[in-house]
Amino acid sequence: MGRAALSRTAGAEPPRRPSVAVLGFLTALGLLLGLGDCQLQTPCQIQKCTTDFVSLTSHLNSALEGFDWEFCKALRAYSACTYRNSKVCRGNLVYHSAVLGISDLMSQRNCSKDGPTSSTNPEVTHDPCSYSGYTEPKEYHGGEKTTPTYLFCGLFGDPHLRTFKDHFQTCKVEGAWPLIDNNYLSVQVTNVPVVPGSSATATNKITIIFKSYQDCTDQKVYQAVTDDLPAAFVDGTTNGGDGDTRSLRIVEKVTGQYIEMHARYIGTTVYVRQLGHYLTLAIRMPRELVLAHEESQDLQLCVSGCPSSERIDESGRLALPALGQLFPQGGAAAPHSAYTLDTATTKCHEKMLVKDIYFYSCVFDLLTTGDANFTAAAHSALQDVEALHPRREHWHIFPRSQGGSVDKSSKFFVSFGLVCLNLLLLL
């Protein structure tokens with residue numbers, strides 16, 4: 001592969017975080033409930049209304065597709081409960097605080113007053129097409145659902161791979177290679193040479209197969225190639241299963257340049273972009289589903305990385321100071337590149353202020369190809385990480401010297417860019 005992975009483009013919406021108003025509202029209600037125990041008359045059921053609302057929303061993840069839909073359903077149920085108690089709770093402080101809070105939250109989330117509501121009956125509220133973690137065997141967790149752990153994988157550039165284990169690799173992998181192949185999803189990429197005489201490649205085709213799952217979706221195939229990034233599956237549809245369930249759908253963010261796929265039934269989000277002549281991909285998927293595959297499905301670049309014979313970096317160490325003097329600072333990187341070390345550094349620094357692995361990948365790609373679109377690819381890949389990676393502290397990966405410490409000097413940077421370039425030219 002050679003280089004691949006996933007802040008958002010200019011028109012993309014940032015992932016939703018739990019608002020201060022939501023947290024403040026629920027906290028205030030919790031405090032008021034203690035007071036309410038002394039004030040409430042027996043017929044007033046505002047405390048049960050609030051408890052049911054918390055139960056319906058406590059498991060929701062605001063970063064996942066469908067959060068607003070489920071939250072609004074719970075708010076409408078909460079509102080209906082307070083309406084039923086309007087007479088018996090008249091004059092109650094907790095009741096009136098809840099009514100005002102519900103109105104404020106519905107306005108913030110653009111929730112309509114009319115629409116479906118959540119049920120407090122667990123048998124009724126279970127939605128098999130909304131992933132929230134599968135039930136573990138009773139001997140381990142008492143038969144209860146566990147909070148899912150999400151993993152991230154991305155591919156970009158010429159190409160760079162960030163695996164589900166947060167390992168960053170630079171690979172060749174020319175031709176068709178599987179990124180993911182489990183019981184729920186298959187993703188294959190095709191990489192083609194970028195520069196004649198070099199082993200550097202980039203992705204010009206992505207095929208994604210969402211496998212059929214219960215009544216949530218039939219098998220759906222998506223395929224993107226250079227200059228053809230459709231906002232529909234190959235059968236012309238934009239969703240899977242019953243349209244009302246919204247269990248699988250495609251959202252076009254920027255026509256011909258950026259689409260998102262949201263598979264609610266497996267808690268999976270996929271971003272596909274075209275930048276210049278090549279494609280990038282980023283995906284977030286629950287860990288238990290990532291690991292749900294047979295032994296015969298062992299070749300998955302997102303899971304196990306690139307084969308050693310396809311790696312350009314050396315065990316993740318991209319800095320080899322001993323070879324850093326192959327080219328002088330400011331000299332031309334290669335005959336086919338229009339960039340020098342200085343100009344490539346300046347160009348990448350325009351979009352990426354932090355000198356992490358994405359910054360150095362940008363410089364490497366510019367020195368290798370001379371194509372400025374790879375700058376946008378590296379920047380978008382980092383934006384996708386920020387949107388999809390579940391752990392903020394792992395967003396940035398910093399190259400390490402052989403001694404294990406991060407070298408922030410210009411020597412480190414020079415050695416990284418030129419050594420990788422030298423390896424490419426020799427392969």
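Quick note: residue numbers are just sequence positions, from 1.
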List the steps and the verdict of side chain to side chain donor-acceptor pair (under 3.5 Å) for H262 and E260. CA-CA 7 Å; H262 300 276; E260 295 180 1; 3.0 Å; yes

Ring centres under 6.0 angstrom apart (Y265, Y131): no

Non-neighbouring partners of E295 that pass salt bridge (charged side-chain N to carboxylate O under 4.0 Å, His left out), sequence neighbours left out: none

As an exercise, state the distance from CG of N85 to CD of Q45, rounded to the nearest 0.5 Å. 6.0 Å

H396 meets the side-chain hydrogen bond (donor to acceptor under 3.5 Å, both in side chains) criterion, sequence neighbours left out, with D356

Provide the closest heavy-atom pair for Q257 versus L229 in the form atom of the first, atom of the second, distance. C-CD2, 3.2 Å

Cut-off 3.5 Å, side chains only: do S112 and D114 have a donor facing an acceptor? no

Residue of the set R273, K253, R162 for which salt bridge (Lys or Arg N to Asp or Glu O under 4.0 Å) holds with D384: R273

Using 30° and 60° as the class boundaries, would you call the ring planes of Y213 and Y184 parallel, tilted or perpendicular? tilted

Using the side chain to side chain donor-acceptor pair (under 3.5 Å) definition, which of the options N373, T375, T369 pairs with D371? N373

pair V234-Y222: side-chain heavy atoms closer than 4.5 Å: no

Aromatic centroids of F152 and F164 separated by under 6.0 Å: no

Would you find more than 12 non-hydrogen atoms of other residues, nucleotides or ligands less than 6.0 Å from K211 atom NZ? yes

Is the count of non-hydrogen atoms from other residues, nucleotides or ligands lying under 6.0 Å from H277 atom NE2 greater than 12? no

